Asks: 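Got a structure for you, written out below as structure tokens; questions coming shortly.
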2 protein chains.
Amino acid sequence: MTASTPGRVQSVETTFEVLEYIRDNEGAGVTDVANALSVSKSTAHGHLSTLTSLGYVVKTDGTYRVGLQFLELGHHARARYNLYEAAKSEADQLAQTTGERCQVMVVEDFRGVYIYQTAGEKAVQTDSHIGSTVDLHCTAVGKSYLASLPAADLEAYLEDVSLSARTEHTITDREAFLEELEKIRDQGYALNLEERITGMRAVGAPILTEGGDVLGAISVSVPTTRIEDTVHESDLPEQVQRSARVITIKTTYS
Amino acid sequence: MTASTPGRVQSVETTFEVLEYIRDNEGAGVTDVANALSVSKSTAHGHLSTLTSLGYVVKTDGTYRVGLQFLELGHHARARYNLYEAAKSEADQLAQTTGERCQVMVVEDFRGVYIYQTAGEKAVQTDSHIGSTVDLHCTAVGKSYLASLPAADLEAYLEDVSLSARTEHTITDREAFLEELEKIRDQGYALNLEERITGMRAVGAPILTEGGDVLGAISVSVPTTRIEDTVHESDLPEQVQRSARVITIKTTYS
DNA sequence: AATGTCGTTCGGCAGAAGGGAACAGCCACT
DNA sequence: AGTGGCTGTTCCCTTCTGCCGAACGACATT
């Protein structure tokens, strides 16, 4: 970050750069961090030792790694949404019956965040995991969510972000996107036809409150090569929607 | 923290104090934080706005809350242990068949950390959740772990911590504790007889590698009032041990 | 309309974070 | 076993910056 706005605490920004670096590199040493962030060794060491003394970083075999203490912050943030507990078992069930990957998403700062993810027997590895963020406009979960949003909020979203292309199938035209959302509203579920990752499709449905407000969304992703089989074997859209409804009921009475 | 050791970055310590405060208070405002931490409003504001711009804190309805971005750090730390994926489904199953609460623990800095927790039908609410830390000496998971530790590591642990009493049943005597561990080694599982929370018992078993190294532990907690029934209905120690063994196998081939 | 509370912004100063170099500890390699 | 090169760690010094206090602006409350 070159342009640091006044009133911001720079060392905090540095610390999180350090954290993100050792996260993305599965642990690192002092010199390593110093070089990567272009700071002196003493600076890197200062941050790492501070974080270690706070318990947010652990040092094992001479390499610094992200500590489990972040689980407490992370899980706490997740618990606020009152979705995790209810959605977990439904997602597990969905993954088991379909054999594919299932994810539960909520939205923060106009970005989709997976608060839970579970893999069925046949599920392929993807880049997404618990805590990772995705664009809303090119995912089944994201489109389900947007389609359930009040008009004003949807407007605010479209003002804020751009429908940037992730693959050749991503919907980037605003009008086409609004039509897509309309369609999703009508049918009650969203499809992702390789709009984020080539070769991967997904079926998603919004998770609503009893009052109709959208809390998040749930989806099942399937490789395109298997999508026909999966849809035939089990009516995927229907199953995903049913799971979403069950989660609504569970969250209401808890 | 009054005594700040040289070489430590103070603002990082402050930032995490801020984070922990807004976590423990389910969100807070600037003035609130400033008063609680005895810093000026501008300082609190600086930290909060920095954290917000980094996405680690979100501001909704004028209150700052812990952001979901910590999930990415937390889940990443958890994934390192290669236990979560394998243990999750086993824990779920254990919770379902017993109807009680089941938890999976690993150890970091001589503290037990719950990397997963799931509640069965009858499970009572406790103070523990994903990410929370517990003493090793007064929990079924912790004792299972310690009992499986090489002698040298156990020695290091006993040097480092004190067997402080949590309830009247906590084992605080070193000799008695070593005997307890011996017994646990013999029988292959650990019991917690209200040693951490009055009224709560638990059965735990260590999760080992094929080579015999201990990775963590799994346990089922049951209120004392129900323990007789549960143990009779299902041979709890046997079930917990079986789950632990299944996790070993799963982690080996993944 | 007035008062209290809150969040935000603005300078000024002191303290602290960062840089660099020197020290120490470790492993590998010869 | 000795040596070289790599680490991590510590030290001091400079200067930058994070902290404070106060003033401002935005609300809500009475």
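Treat the numbers as computed from the prediction; the structure is a model and nothing was measured. First the proteins, then the strands, lettered A, B, ... as listed; each starts at 1. For the numbers below, each heavy atom of this structure counts, side chains included, while hydrogens, waters and symmetry mates do not.
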Asks: Listing time: all N or O pairs from protein to nucleotides 2-9 of chain C that are below 3.5 Å?
Replies:
unit_1	atom_1	unit_2	atom_2	d
C/dG7	OP1	B/V30	N	2.9
C/dG7	OP2	B/V30	N	3.3
C/dG7	OP2	B/T31	N	2.8
C/dG7	OP2	B/T31	OG1	2.6
C/dG7	N7	B/K41	NZ	3.2
C/dG7	O6	B/K41	NZ	2.9
C/dT8	OP1	B/K59	NZ	2.3
C/dT8	OP2	B/H45	NE2	3.1
C/dT8	OP2	B/Y64	OH	2.7
C/dT8	O5'	B/H45	NE2	3.2

Asks: Would you check, one step at a time, whether the test side-chain hydrogen bond (donor to acceptor under 3.5 Å, both in side chains) holds for B/Y81 with B/E108?
Replies: CA-CA 11 Å; B/Y81 286 86; B/E108 201 172 86; 3.0 Å; yes
Asks: Take the protein atom CG of A/D61 and the nucleotide atom P of C/dG25, then report the distance between them rounded to whole Å.
Replies: 20 Å
Asks: Would you please test B/Y64 and B/D32 for side-chain hydrogen bond (donor to acceptor under 3.5 Å, both in side chains) and show each step?
Replies: CA-CA 10 Å; B/Y64 293 91; B/D32 205 353; over 6 Å; no
Asks: Using 30° and 60° as the class boundaries, would you call the ring planes of A/H75 and A/Y84 parallel, tilted or perpendicular?
Replies: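 Judged by the thresholds at 30° and 60°, the geometry between A/H75 and A/Y84 is perpendicular.
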Asks: Rounded to the Å, how far apart are A/L37 CG and C/dG19 P?
Replies: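 One finds 10 Å between P of C/dG19 and CG of A/L37, rounded.
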Asks: Once you round it to whole Å, what is the distance between P of C/dG18 and CD of A/E17?
Replies: 11 Å
Asks: Rounded to whole angstroms, how far apart are CG on A/N35 and P on C/dG19?
Replies: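 In whole Å, C/dG19 P and A/N35 CG are 12 Å from each other.
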Asks: Under the side-chain contact (heavy atoms from CB on, under 4.5 Å) test, which residues partner B/I249, sequence neighbours left out?
Replies: B/Y253
Asks: Between A/L181 and A/L154, is any pair of side-chain heavy atoms under 4.5 Å apart?
Replies: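 Yes, at least one pair of side-chain atoms sits under 4.5 Å.
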Asks: Looking only at side-chain N and O atoms, does B/T43 come under 4.0 Å of OP1 or OP2 in D/dC20?
Replies: yes
Asks: Establish, from distance only, whether the side-chain atoms of A/S128 and A/T126 form a donor-acceptor pair under 3.5 Å.
Replies: yes
Asks: Kindly determine whether A/T15 and B/T15 satisfy side-chain contact (heavy atoms from CB on, under 4.5 Å), including the steps that lead there.
Replies: CA-CA 10 Å; A/T15 270; B/T15 269; over 6 Å; no
Asks: Could you walk me through whether B/T172 and B/T170 pass side-chain hydrogen bond (donor to acceptor under 3.5 Å, both in side chains), step by step?
Replies: CA-CA 6 Å; B/T172 55; B/T170 310; over 6 Å; no
Asks: Considering only nitrogen or oxygen atoms on both sides, find all protein atoms under 3.5 Å from nucleotides 27-30 of chain D and state each distance.
Replies:
none

Asks: Check whether any side-chain nitrogen or oxygen of A/S11 sits under 4.0 Å from OP1 or OP2 of C/dA17, and answer yes or no.
Replies: no
